[in-house]
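Below is one structure; the comments refer to it alone.
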There are 2 protein chains.
Amino acid sequence: MMELTRKGEYAIRGIVYLAQQPAGKVSLISEIAQATEVPQTFLAKIFQSFAKLGLINSSRGTGGGFILGRPASSITLRQVVEAVEGPIMPNRCLLGTGSCERDGHCRVHPVWKTVQSHVVGILDGVTIEELASK
Amino acid sequence: MMELTRKGEYAIRGIVYLAQQPAGKVSLISEIAQATEVPQTFLAKIFQSFAKLGLINSSRGTGGGFILGRPASSITLRQVVEAVEGPIMPNRCLLGTGSCERDGHCRVHPVWKTVQSHVVGILDGVTIEELASK
DNA sequence: ACCTTTAAGACCAGTTTAGTCTTTTTATAA
DNA sequence: TTATAAAAAGACTAAACTGGTCTTAAAGGT
């Protein structure tokens, strides 16, 4: 239960690699893929998601590539994970006859709410800068 | 990310239903399935998992059916969820070149460890008795 | 014997995962 | 202005997982 997929793993590896590069350095997807041992085309898709969210900036053509869009200290592990895996949401509704919203007496719902807020809190407390530091 | 599957939802519904029955009452799978609105054959499989772990006792033939194998107060939500979904394990290894075990400098690993222990702790703190109470 | 009930296992359609491949767009350089 | 370099976009795919169904077997009761 609750496993991060490879996409999530690759996403973290990729952005941490970027954070470890010298300031201002632009990295090619081929370079990042090789260094992180991630299939290049798959990583490219992941980085497109990042770019759309502004976590990284991309540029095309000669001299193009990827670079962090914000300081690594302002990017949290949660943002990275949610960028590719979607929101952290352990709770769909349980118990009783209908959906949780319909009949409000669901006893399990608050438990999943608690789980969610703990996980979110932990992942929000970790920055890419921390992960990138030697 | 981190979603409970239907199997997990159904598992909780089913065992909570059992916990809500009068002490000593044996319930048929057909009855439980109808009451919880879960497909009967699917629920039967889930209950087989429970039976193997001793969470419930089953008996065949006329007058047979299912009954809790232990007091509801001694069955935790974690046990129920893990019985059908497997262990709560958010961490496969990330970062670096090899697996987390090989090169021990993985920075993300301890984060997932923390997540895991929090989630386990929360689910261990909730009993089926609590969930079954009106 | 016959009926009732769970157990076990084969089977299956649909979705998700983990990618690949091709084409297009954008930017630079000769 | 043409060639080249790079990311963007989208179609495609094999394998695994989800969410079941169906059939047969086993065990217990009458």
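Note that the structure is predicted; figures quoted are calculated from it, not measured. Every chain is numbered from 1, with letters handed out A, B, ... down the list of sequences.
Nearest nucleotide to the side chain of A:Y10, out of C:dA7, C:dG19, D:dA6: C:dG19. Of the candidate nucleotides C:dA18, D:dG20, C:dT6, C:dA18 has the atom lying nearest to any side-chain atom of A:F42. For B:I29, counting side-chain heavy atoms from C-beta on, the closest listed nucleotide (D:dA8, C:dT20, C:dT6) is C:dT6. Residue A:R6 places its side chain closer to C:dA18 than to any other of C:dT6, C:dA18, D:dT18. Comparing C:dC21, C:dA18, D:dA8 by their closest approach to the side chain of A:T41 singles out C:dC21.
Between A:K52 atom NZ and D:dA7 atom C1' there is a gap of 12 Å when expressed in whole angstrom units. Atom pair B:F47:CZ and C:dA8:P shows a separation of 15 Å (rounding to whole Å applied). Here the C1' atom of nucleotide D:dT23 and the CD atom of B:Q40 are 15 Å apart, to the nearest Å. Rounding to whole angstrom units, NZ of residue B:K7 and C1' of D:dC17 are separated by 10 Å. Rounded to a whole Å, the CG atom of A:L28 is 14 Å from the P atom of C:dT28. If you take CD1 of A:I67 and C1' of D:dA7, they are 15 Å apart, rounded to a whole angstrom. One can place CD of B:E85 at 10 Å from C1' of D:dT18, the figure rounded to the nearest angstrom. Taking atom CD1 on A:I46 and atom C1' on D:dA7, their separation rounds to 15 Å, with Å as the unit.
The residue B:F66 sits close only to the backbone: its heavy atoms come under 4.0 Å of sugar-phosphate atoms, none of a base. Across all strands, A:S58 comes closer than 4.0 Å only to sugar-phosphate atoms, never to a base (heavy-atom distances).
Checking each of A:T76, A:L77, A:V80 against A:L123 for a side-chain contact (heavy atoms from CB on, under 4.5 Å) leaves exactly one that passes, namely A:L77.
A heavy-atom distance below 4.5 Å is not found between the side chains of B:I122 and B:V119.
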Grab the N/O contacts between the protein and nucleotides 25-29 of chain D below 3.5 Å, and write none if there aren't any.
from   : atom 1 : to    : atom 2 : distance (Å)
D:dA26 : N3     : B:R60 : NH1    : 3.1
D:dA27 : O4'    : B:R60 : NE     : 3.4

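Judged as a ring pair (Phe, Tyr, Trp, His ring centres under 6.0 Å), the pairs with a partner in residues 22-46 of chain B (not counting sequence neighbours) are, in order, B:Y10-B:F42. Within the structure, ring pair (Phe, Tyr, Trp, His ring centres under 6.0 Å) pairs that include any residue of residues 44-65 of chain B comprise B:F47-B:F50, B:F47-B:F66 (at least two apart or interchain).
Contact between the side-chain N/O atoms of B:Q48 and the OP1/OP2 oxygens of C:dA8 is found at a separation under 4.0 Å.
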Inset, instruction - Let me see the working for A:Q48 and A:S58 under side chain to side chain contact (heavy atoms under 4.5 Å, CB included), right down to the final yes or no. - result: CA-CA 8 Å; A:Q48 284 175 29; A:S58 65; over 6 Å; no
Legend entry - Residue pair A:E31, A:K25: steps toward the salt bridge (Lys or Arg N to Asp or Glu O under 4.0 Å) verdict: CA-CA 12 Å; A:E31 168 199 336; A:K25 190 205 158 196; 2.7 Å; yes
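One cannot find a donor-acceptor pair under 3.5 Å joining the base of D:dG19 and the side-chain atoms of B:K45.
Panel note: side chain A:R107, backbone B:A132; no donor-acceptor pair is recorded below 3.5 Å.
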